[in-house]
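So the structure is just underneath, and the comments pick up after that.
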Amino acid sequence: MDISKLSVKEIAEKVSRQELSAREVVSFFAKRCAEKCKFNAIIEVFDDIFEKADEIDARIKSGKPVGKLAGVPVAIKDNILYAGKKMTCASAFMKDFISPYSATLVKKLISEDAIIFARTNMDEFAMGGSTENSVYGVTKNALDPSRVAGGSSGGSAAAVALGLCPVAIGTDTGGSIRQPSSFNGVVGIKPTFGTVSRYGIVAFASSTDQAAPITKTIEDNEYVLSIIAGKDPCDMTSIDNPLSGKTKSKYAVGIIKELKEKIASLPCAKQFEEQIEKIKSQGHTIKEVSVPHILNSLACYYILTPAEASSNLARFDGVKYTTCSKSALVLDDVYVKSRSEGFGREVKRRIMLGNFVLSSGYFDAYYKKGMAVKSLLEREFARAFEDCDVIITPTTPSVAFKIGERSDPISMYAEDLFTTPASLTGLPALSIPYAEINGLPLGLQIMGAKKSEGVIFDFAKKIGGQTYGI
Ligand code: GLN
């Protein structure tokens with residue numbers, strides 16, 4: 001049986017009915033990881049997966065109940081804590097860090113008998129859009145190894161597309177789940193801010209970051225998200241989100257007026273237009289909506305999130321969590337030398353940007369302005385969702401680009417044009433594969449009002465996403 005073709009639910013059901021053992025499941029995926037290691041999607045397959053699988057199998061044999069994810073291997077991004085295991089944020093600076101406890105989302109997965117299977121590659125500290133900024137080296141695109149897997153959750157998305165695991169958890173601060181999902185032809189969501197607890201996750205911008213599943217199908221995504229969602233006393237910003245919303249047979253689908261010209265100039269213009277026609281032919285209505293400041297999102301995101309990064313990363317100082325410089329002689333050296341040697345280029349760039357926009361004299365001109373734009377965007381989207389149920393955009397301006405092609409940081413940041421608005425406003429957004437250019441998948445982003453994931457998933461299932469996995 002090709003276990004990689006089974007849905008998450010099917011694996012769990014087969015394991016609980018003893019049609020398949022958890023050991024067979026993990027053996028299958030561990031073997032595939034070894035076969036596809038040249039893609040560099042997975043950094044480590046955990047050494048206790050067989051032990052955990054046997055525990056679950058033994059429990060089932062003895063007639064005891066098991067959870068909704070019985071025997072399902074779940075890979076986690078390298079910025080999510082799993083007690084006793086390494087977690088390095090793909091940074092040389094954290095190369096020896098062992099998680100002292102497990103993130104709430106990991107505990108939730110384990111409580112449903114998932115097997116925490118592997119650690120996936122990422123951009124250092126989740127900063128980037130290509131997984132090229134990793135101490136472990138670049139992750140290759142599942143469909144074309146000369147191209148990037150996207151980022152920062154490139155390892156998670158490529159792992160799912162390559163069939164190395166049925167689910168991988170990524171994190172999305174400004175598009176890091178949606179963009180790599182789009183590049184690898186899989187399904188990824190950035191839920192309403194607060195839906196998934198951030199306890200035990202290293203985020204560089206705490207006000208926008210969310211962890212969530214990357215899967216092959218929309219159904220699997222909804223299933224796993226419902227398990228890891230929920231208010232958590234350990235994260236004050238977490239919320240109760242029933243992932244519902246008013247589902248309908250036909251939806252009003254918003255197209256943003258201010259993005260029309262931009263989209264028309266992109267290589268995916270034709271495919272996006274065809275998708276709109278397809279949606280219309282299914283009986284949904286297309287409505288033009290206005291979000292006047294949408295094109296300012298990108299600049300706003302690259303002012304606000306580096307500001308948060310510079311303050312959030314202050315605790316990585318060569319004393320705690322991180323490696324101390326061998327040449328440090330006095331306390332100042334410990335900080336300066338350790339950070340200079342430990343952090344990579346992109347992380348340093350963000351720390352400098354952040355310190356700049358927060359410094360006195362520039363705070364009003366940049367940070368405060370950025371916050372004002374963020375509030376405007378929140379209001380403008382709330383207004384737009386009075387006229388439509390969902391809004392669609394391409395997930396990314398291009399298909400997966402060649403490794404090394406975006407060495408200029410500005411061209412890399414430009415990738416986040418369509419994903420940053422949902423991040424800044426805390427709105428949910430799903431990326432599903434919908435078309436292709438020369439065999440490379442394109443993602444469609446479906447955004448919704450706060451806590452309307454149920455509507456987004458329902459609409460996505462109605463218009464149908466196709467998976468491009470290997
Ligand atoms: N590409 C974006 C950035 O570099 C997104 C990162 C993320 O979502 N973690 O900031």
Side-chain angles (χ1 to χ4, degrees), residues 76-80 89-91 120-134 138-139 148-157 168-184 188-191 193 196 198 201-214 297-310 312-313 343-354 357 370 374 395-398 400-401 405-431 443 445 447:
I76 53 173
K77 190 174 173 179
D78 191 29
N79 60 348
I80 300 174
C89 296
S91 177
T120 58
N121 203 7
M122 59 184 277
D123 282 301
E124 184 181 13
F125 281 96
M127 298 176 194
S130 63
T131 314
E132 289 172 296
N133 307 330
S134 163
V138 59
T139 293
V148 299
S152 61
S153 312
S156 294
I169 306 295
T171 60
D172 188 310
T173 316
S176 280
I177 287 177
R178 291 161 283 162
Q179 186 252 28
S181 296
S182 173
F183 280 7
N184 290 280
I189 191 165
K190 196 287 288 179
F193 183 72
V196 178
R198 287 183 301 107
I201 295 169
V202 182
F204 72 88
S206 355
S207 74
T208 67
D209 200 66
Q210 275 293 279
I214 297 177
S297 301
L298 196 61
C300 178
Y301 172 87
Y302 277 100
I303 286 173
L304 296 182
T305 61
E308 289 188 40
S310 68
N312 278 340
L313 264 53
F343 286 135
R345 275 175 76 85
E346 183 58 27
V347 177
K348 285 182 190 157
R349 185 179 292 126
R350 307 263 177 137
I351 293 173
M352 288 195 289
L353 265 171
V357 301
K374 178 179 148 107
T395 305
T396 58
S398 69
F401 44 87
E405 191 187 307
R406 301 281 167 98
S407 48
D408 161 30
I410 303 285
S411 70
M412 185 72 83
Y413 298 168
E415 266 305 300
D416 307 329
L417 177 69
F418 300 120
T419 47
T420 47
S423 303
L424 290 169
T425 52
L427 298 174
L430 174 74
S431 177
Q445 177 174 245
M447 299 172 68

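Counting starts at 1 for both ligands and their atoms, following the listed order.
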query: Can you list the steps and then say if Ser398 with Glu415 is a side-chain hydrogen bond (donor to acceptor under 3.5 Å, both in side chains)?
result: CA-CA 8 Å; Ser398 69; Glu415 266 305 300; 3.2 Å; yes
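- Using a 3.5 Å distance cut-off with no hydrogens or angles, the side chains of Arg178 and Ser423 do pair a donor with an acceptor.
- The aromatic rings of Phe125 and Phe343 sit perpendicular, their planes meeting at an angle over 60°, well past the 30° parallel limit.
- The N/O atoms of Thr173, backbone and side chain alike, include one that comes under 3.5 Å of an N/O atom in ligand 1.
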field: side-chain contact (heavy atoms from CB on, under 4.5 Å) between Met127 and Phe204, intermediate numbers included
entry: CA-CA 8 Å; Met127 298 176 194; Phe204 72 88; 3.6 Å; yes
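- Proximity of Asp172 to Ser153: side-chain heavy atoms (C-beta onward) are nowhere separated by under 4.5 Å.
- Looking at ligand 1, you'll find an N or O of Gly174 within less than 3.5 Å of one of its N or O atoms.
- The parts of Ala126 lying near ligand 1 are both backbone and side chain, judged by heavy-atom distances below 4.0 Å.
- On a distance-only criterion, Asp172 and ligand 1 share no N/O pair closer than 3.5 Å.
- Annotation: atom 2 (C) of ligand 1 to nearest protein heavy atom, Asp416 OD2, 3.2 Å.
- Salt-bridge annotation for Glu124 and Arg345: absent, with no side-chain N of the basic residue lying under 4.0 Å from a carboxylate O of the acidic one.
- Looking only at atom types and distance, the side chain of Ser152 has a donor-acceptor partner in the side chain of Ser176 under 3.5 Å away.
- The side chain of Tyr302, and not its backbone, has at least one atom closer than 4.0 Å to an atom of ligand 1 (non-hydrogen atoms only; side chain from C-beta on).
- Residue Phe204 touches ligand 1 through its side chain alone, judged by heavy-atom distances below 4.0 Å.
- Residue Gly128 places at least one N or O, backbone or side chain, under 3.5 Å from an N or O of ligand 1.
- Of the possible polar contacts, one joining the Thr419 side chain to the Gly174 backbone as a donor-acceptor pair under 3.5 Å is found.
- Polar contact with ligand 1: absent for Thr171 (N/O pair, distance under 3.5 Å).
- Looking only at protein heavy atoms, the nearest one to atom 7 (C) of ligand 1 is Ser176 OG, 2.4 Å.
- The N/O atoms of Asp209, backbone and side chain alike, include none that comes under 3.5 Å of an N/O atom in ligand 1.
- Shortest non-hydrogen contact noted between Ser182 and Gly443 is OG-N, 3.0 Å.
- Taking a cut-off of under 4.0 Å to the non-hydrogen atoms of Tyr301, the atoms of ligand 1 that pass are 2 (C), 3 (C), 5 (C), 6 (C), 10 (O).
- Taking a cut-off of under 4.0 Å to the non-hydrogen atoms of Gly175, the atoms of ligand 1 that pass are 8 (O).
- Contact annotation: for Arg350 versus ligand 1, heavy atoms closer than 4.0 Å belong to the side chain alone.
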